[in-house]
Number of protein chains: 2
Amino acid sequence: MKHVKEVATITGISVRTLHYYDQIGLLSPGTTDNGYRVYTEDDLEKLQQILFFRALDFPLKKIKTIMDRPDFDHLEALHFQKKRLHQKKKRLETIIATIDHTIQHMKGERDMTDKEKFNGLDFSQNQYEQEAREKYGEEAVNRSTQKLNSLSNNEKDALSQSFHRIYQKLAAIRQGSPASEKAQNAIHEWYEILNNHVGYHYTLEAFRALGQMYIEDQRFTKNIDQYGEGLALFMRDAMNVYADRNK
Amino acid sequence: MKHVKEVATITGISVRTLHYYDQIGLLSPGTTDNGYRVYTEDDLEKLQQILFFRALDFPLKKIKTIMDRPDFDHLEALHFQKKRLHQKKKRLETIIATIDHTIQHMKGERDMTDKEKFNGLDFSQNQYEQEAREKYGEEAVNRSTQKLNSLSNNEKDALSQSFHRIYQKLAAIRQGSPASEKAQNAIHEWYEILNNHVGYHYTLEAFRALGQMYIEDQRFTKNIDQYGEGLALFMRDAMNVYADRNK
DNA sequence: TATTGACTCTTACGTTACGTCACCCTCTAA
DNA sequence: TTAGAGGGTGACGTAACGTAAGAGTCAATA
């Protein structure tokens, strides 16, 4: 059980940062009756994970959604982070190489195209997003879209029609509760369609993870929300309830 | 001669960023008569340098002051950046090692102190600041403070009294122009004191660099500004003028 | 020649992740 | 009991852009 200052000195991050993480619900320790924050060993562990993600330039919001996942796995995350840190290291090496080339270029020992001059410096590249998808819950999604691509055009049409119908149905009732009978019936239908037509059986946990993807991955969110603002969020919640009830 | 979009696609940074860099005077290209920005090869080169510094997490303001230095040396900067990138790489390796240890720790194969759990993660460490000082103009400063420490207490007192006097004199006239006779006289006195008592001869360029340090290095700035808000900036300007006039 | 699509500009407000007060409370050691 | 270190909550400031609005430009095409 440690107080803020102690955690701050151990970890090297500021007290303000700890306050902030509490404020946004990323890391909320317990409190004593005088209102002081107290951090347990578990909190420290979680903080460590947060900092690993931060070292990978993950925005705090994303870190939160990832770690809030019911099926979040500490060990799995560590392996993921390690892999990505190695990639980051490689990018640094690329930049260093670019510097070397530039030095040679200045000495007239070498030619460089304009593009070569900026090797490794384009921070824009999908960056973490790509891999973040690949990991956290996408296996299931991948398999389904893969399957989807292998279908004939007719089949695709039929399928997308089903999707369309379900989305519209859900959009119509998205103002109500995700736990309502209507919503759960629609979600059940959704679950059936996926399992019957996509050729891969979703476990309830995979189904739940899929729902999470809807709000974690912008591409999904945008697509789904075309049917109605906030639909992706609504579906995630409904799928969560569904997974809870049927387990 | 390239337009924004082209530069953006070559470098991978956004058009907005280029606009912004122009806005803050970090990288201001020329313009055609229709107001379009046009980037020369030199601009690209400068942009490359900026991105190298950015890869080291230098704040843009610092990048600007560094690159605005009259004695800024492209090649020298490249070597510096390379060295620092290697250090950054090492920090990544430390983090990776910490992950490995944590994995072993979870498997019960290893013990870890709380501090070890955060090895490499404390972003707070002087970071670039330290090295940034060591480089850009500190050689001169170093030698003087070194000398200063080797003095007897009596000598120190006398010297710090001199410093005190000059600072106060300058603080009193800091509202006027740094090029005014008063200011230049005081600065001349300052130059003499440094050269007579510190035991190291400042070339005019070193003197100028020293002035630059006053605003680049927070420790200097704070110290000096105790005598009056903005004094550090005033001295930098005055020292610049002095160096210009006497060369 | 008019139109279109791809670029360009400026202005301005929004966002993330804190830093930095200000003001007040609480605990502990002297 | 008193000082000093540490705790808390606002609230405002900052950096480095993202994003959207409204309007002008240019080259290719219909």
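Just so we're on the same page: letters track the sequence lines, and every chain starts at 1. Below, all heavy atoms of this structure are taken into account, side chains as well, without hydrogens, waters or symmetry copies.
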K.L.:
Give a yes or no on whether A/M1 atom CE has more than 12 heavy-atom contacts from other residues, nucleotides or ligands under 6.0 Å away.
P.N.:
no
K.L.:
Heavy-atom contacts under 4.0 Å between residues 35-46 of chain A and DNA chain D, which residues?
P.N.:
A/G35, A/Y36, A/R37
K.L.:
Roughly, in whole Å, what's the span from CG in A/L18 to P in C/dC18?
P.N.:
10 Å
K.L.:
Do A/H164 and A/Y227 have ring centroids that are under 6.0 Å from one another?
P.N.:
yes
K.L.:
Can you give me the first and the last nucleotide of DNA chain D (5' to 3') that has an atom within less than 4.0 angstrom of a non-hydrogen atom in chain A?
P.N.:
D/dG6 to D/dA11
K.L.:
Run the salt-bridge test on A/K117 and B/E41 with the 4.0 Å N-O cut-off and return the result as yes or no.
P.N.:
yes
K.L.:
Any sub-3.5 Å donor-acceptor pair from A/R91's side-chain atoms to A/G120's backbone N or O?
P.N.:
yes
K.L.:
Between B/Y20 (OH) and C/dC9 (C1'), how many Å, whole number?
P.N.:
19 Å
K.L.:
To the nearest Å, how far apart are A/I24 CD1 and C/dC18 C1'?
P.N.:
10 Å
K.L.:
Give a yes or no answer on whether the side chain of A/T98 reaches the backbone of A/F118 with a donor-acceptor pair at less than 3.5 Å.
P.N.:
no
K.L.:
Between P on C/dC27 and CG on A/D33, what's the gap in Å once rounded to a whole number?
P.N.:
8 Å
K.L.:
Should the heavy atoms of other residues, nucleotides or ligands under 6.0 Å from CD of B/E229 be counted, would the total exceed 12?
P.N.:
no
K.L.:
Looking at A/D237, is its backbone amide N or carbonyl O close enough to the side chain of A/N240 to form a donor-acceptor pair, meaning the two atoms are under 3.5 Å apart?
P.N.:
no
K.L.:
In whole angstrom, what separates A/L26's CG from C/dA17's P?
P.N.:
9 Å
K.L.:
Taking only side-chain nitrogens and oxygens of A/N34, does any of them come within less than 4.0 Å of OP1 or OP2 of C/dC27?
P.N.:
yes
K.L.:
Is A/E76 reaching over with its side chain to a backbone N or O of A/D73, donor-acceptor style, under 3.5 angstrom?
P.N.:
no
K.L.:
Grab the CG-C1' distance between B/D57 and C/dA17 for me, whole Å please.
P.N.:
14 Å
K.L.:
With heavy atoms under 4.0 Å as the rule, sort B/V4 into base, sugar-phosphate or nothing.
P.N.:
sugar-phosphate
K.L.:
Side-chain N or O of B/K5 less than 4.0 angstrom from OP1 or OP2 on C/dT8?
P.N.:
no
K.L.:
I want to check one thing: is the phosphate of C/dT16, taken as OP1 and OP2, less than 4.0 Å away from some side-chain N or O of A/R54?
P.N.:
no
K.L.:
Calculate, to the nearest 0.5 Å, the distance between atoms CG and CD belonging to B/D114 and A/Q48 respectively.
P.N.:
10.0 Å
K.L.:
Of the options C/dG19, C/dT10, C/dA17, whose atoms approach the side-chain atoms of A/R16 most closely?
P.N.:
C/dG19
K.L.:
How long is the line joining CD of B/E6 and C1' of C/dT8, in whole Å?
P.N.:
14 Å
K.L.:
Report which part of the nucleic acid A/H3 touches: base, sugar-phosphate, or nothing (heavy-atom distance under 4.0 Å, all strands).
P.N.:
sugar-phosphate
K.L.:
Report yes if a side-chain nitrogen or oxygen of A/T17 is closer than 4.0 Å to either non-bridging phosphate oxygen (OP1 or OP2) of C/dA17; otherwise report no.
P.N.:
no
